[in-house]
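Worksheet: the structure to be examined is printed underneath.
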Amino acid sequence: MRFEGAPGLWVGANLWRPSGRGPFPVVLHPHGHWDEGRLADDVDGSTIALLANFARRGYVGLAWDMIGYNDTRQLSHSFTSRRAELYGITILGLQLRVSLSALEFALSLPEVDPNRIGVTGASGGGSQAILLAAVDERIAASAPVCMVSSTMQGGCVCENAPGLRVDASNVEIAALAAPRPQLLVSATGDWTARTPSVEFPALREVYRLHGAAAEERLGLAHFRAAHGYHRPMREAVYSFFDRWLRPRAPAKVAARTAEVVFEEPYASERIEDLLFHAGGGPPPGALRGRALVARLIEDARSRAAAAWPAADRDARRSSETIRTGIRHALGVEVPADSEVNRLGQPLPTESIQIGREGRGDSIPVTLYGPPVPREAGGLRPVAAGATPRAMTLVMSSGGRGVLRDGRGAPRLLLDTLLQSGREVVTADLLGLGEAAGPDRRLLHREAVAGFLQELETYFGEAPDACGERPEVQVGLPAWPERSDGSRRAAASAAPSPAARPRARSRRPPPASVRILLDHYFRTYNRPDDAERVQDILTLLAWGTNSRRRLELVCLGRTGPLGLLACALAPGRVATAVLDLSGFDPASDQAWLRRLDLAGLRLVGGLEAAAFAAAPTRLHLFGVRGKFDARRVRAARRSLGSRAGLVVCSETIGDPASISRLLARASLSAPDLRGH
């Protein structure tokens, strides 16, 4: 069979039905990186054995292709595209969308019980299993196999996406299934070797938070075996799902469901009978490659447009939706005022460090107060002077140096702002000004490089790269006797840990290490521009503590960053003067050159940010290309915002005009101090 997993993307699948009328529970099976994909049938793993046995036990079983396998070849499995990522389109996201479509298809079958849905998969299929259980609470039970680890998070681009594991790991993703039943299946011969002593206890603590009854819903089956989905592993999953999904099992197997479940003999299927077409591949006329990506991008644009308010009553909900989307795309937080403090002892100059409690960040900041006699240099720390009514934060691509010349004298912009009675604050955002130089997250890059080196060894000739195995194995199930009294042969039931599995069952990522390094780095770390938005948000929270009216001036390449910060913290800034420096917010190429932030165009980009920033008064300079200011103004008015929006293609103008603009805005805009 085939189903449409995403607009224009056709996915090959096989459906296994039990005899009878139902209602039946369902087992969804995303497969791992076996060359045969959903058609795999050997000692390393067998989709046919798994679903044939589930069907015999009274379950409906559904297995479908990963992208790039068998019937589903409109895109390569190694697909990556920075342009597509702007719209949240990644191979991982597409596969999860396909998994959700598979769930919807299963629920459309009249014989299916919607309250008894399970998912299980191994390796890359295990990644999909924990993700599907995390995002959809209709999954009643899950059994990720050989995947939930605190160290190895997935060795393929299909298991990594920008921002997925920022401040998180697969253990925390798996914990999102709590308190629903979940079985961790692990092996001594891969990265799940320490699951009994590390990952399982961590997950057990999360389940305990849901009460004593929830704790027993978390199970562990640990095997002396190599990476795969071997028969003993499948038998553990049969038993676990029988316990929690409670199918109407046939009489001949009902007596075994409470204890050990043996896999029944099954008939192998011919490959050509399991493919939609004997040769596999997409249907005639289906879009491929760039044409399919263009279709997916158009779909993403339509969904972004749908987030805009259709009527005044929808405006507040739409702004919250857009704001949430921006926050998740960037992976940033909006700090509370109390979270941000001056760090360390005051420095002998007007420079200080600003950071969030317990977060390890530190932003170099310089404060300028009211003018004093020329013999004092014309500047002094705020603490020594009068208290201004307004605080103006000035950000620039050049960092703090933008306000003073090479001799340390104030430039015209600083002098003009100070003469108007404002306190002026400037900072070095990440990698800008004096903070330019070695990336402050260099250690993270080295850690990712080390991981890839280990991964290359793991997929190379070395027999084992998963580290030394623990001397004592916890909870290793004995191989139980069959009804005829014979024991299973260890060689056929579970390959020896010392024996390297076939290369085809653990296919290495096809991209180069350098590409993977960049791809994985963005999986675990925020982009530099997202970190800079976080710095601005931290500074705004700190400035709010001053109880002064906050103004924001962003020059050079920091203009779009300031707009995003205003959208995430609406009301904290009274007036923002933002220089977009010729940025065209309607051009994907402009985004890739200037603001390579994955997922941001999916939520509407800078136009949506300008809407969500209300009631902040916005002055956007240097806007090129298409910017629908009329639509943004109408949406802001529907929020009840009286603050204006000025959009122009000209440059920001001379420093004196910035000061005059802020002065005029302060007379008409509401006083937002303390918001």
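Quick caveat: nothing in here was measured; it's all calculated off a predicted structure. Values reported hereafter were calculated over all heavy atoms of this structure, with side chains retained and with hydrogens, waters and symmetry mates removed. Just so you know, residue 1 is the first one in the sequence shown, and it goes up from there.
Between R295 and D299 no salt bridge is recorded (no basic side-chain N to carboxylate O distance below 4.0 Å). Using a cut-off of 4.0 Å between Lys/Arg side-chain N and Asp/Glu carboxylate O, R56 and E264 are scored as not salt-bridged. Between R356 and E339 there is no salt bridge, since no side-chain nitrogen of the basic residue lies less than 4.0 Å from a carboxylate oxygen of the acidic one.
In terms of the ring-ring contact (aromatic ring centres under 6.0 Å, His included) criterion, residue partners of H31 (sequence neighbours excluded) are, by chain and number, Y69. Residues passing the side chain to side chain contact (heavy atoms under 4.5 Å, CB included) test with A49 are S46, R234, E263, Y266, sequence neighbours excluded. Qualifying salt bridge (Lys or Arg N to Asp or Glu O under 4.0 Å) partners for R17, counting only residues two or more places apart in sequence or in other chains: E111. A search for side chain to side chain contact (heavy atoms under 4.5 Å, CB included) contacts involving A175 returns L203, V206, not counting sequence neighbours. With sequence neighbours excluded, the residues that form a ring-ring contact (aromatic ring centres under 6.0 Å, His included) with Y238 are F54. Annotation: side-chain hydrogen bond (donor to acceptor under 3.5 Å, both in side chains) contacts of E333 (sequence neighbours excluded): R359. With sequence neighbours left out, the side chain to side chain contact (heavy atoms under 4.5 Å, CB included) criterion links S169 to Q153, V171, E172. Taking S149 as the reference, T151, M152, W191, E199 meet the side chain to side chain contact (heavy atoms under 4.5 Å, CB included) condition, with sequence neighbours excluded. For the salt bridge (Lys or Arg N to Asp or Glu O under 4.0 Å) test, residues two or more places apart in sequence or in another chain that qualify with E320 are R323. Partners of R204 under the salt bridge (Lys or Arg N to Asp or Glu O under 4.0 Å) rule, at least two apart in sequence or in another chain, do not exist in this structure. Listed by chain and number, the residues in a side-chain hydrogen bond (donor to acceptor under 3.5 Å, both in side chains) with R301 are Y87, D588 (sequence neighbours excluded).
With no hydrogens or angles considered, no side-chain donor-acceptor pair links H29 and T120 at under 3.5 Å. With hydrogens and angles left out, the side-chain atoms of N160 and R522 include no donor and acceptor closer than 3.5 Å. Side-chain N/O atoms of H222 and S186 include a donor and acceptor closer than 3.5 Å. No side-chain donor from either of N525 and Y520 sits under 3.5 Å from a side-chain acceptor of the other.
A side-chain hydrogen bond (donor to acceptor under 3.5 Å, both in side chains) check over residues 129-147, counting only residues at least two apart or in different chains, returns the pairs E104-R138, D136-R138.
Side-chain contact between I89 and V293 is absent, with no heavy atoms from C-beta onward closer than 4.5 Å.
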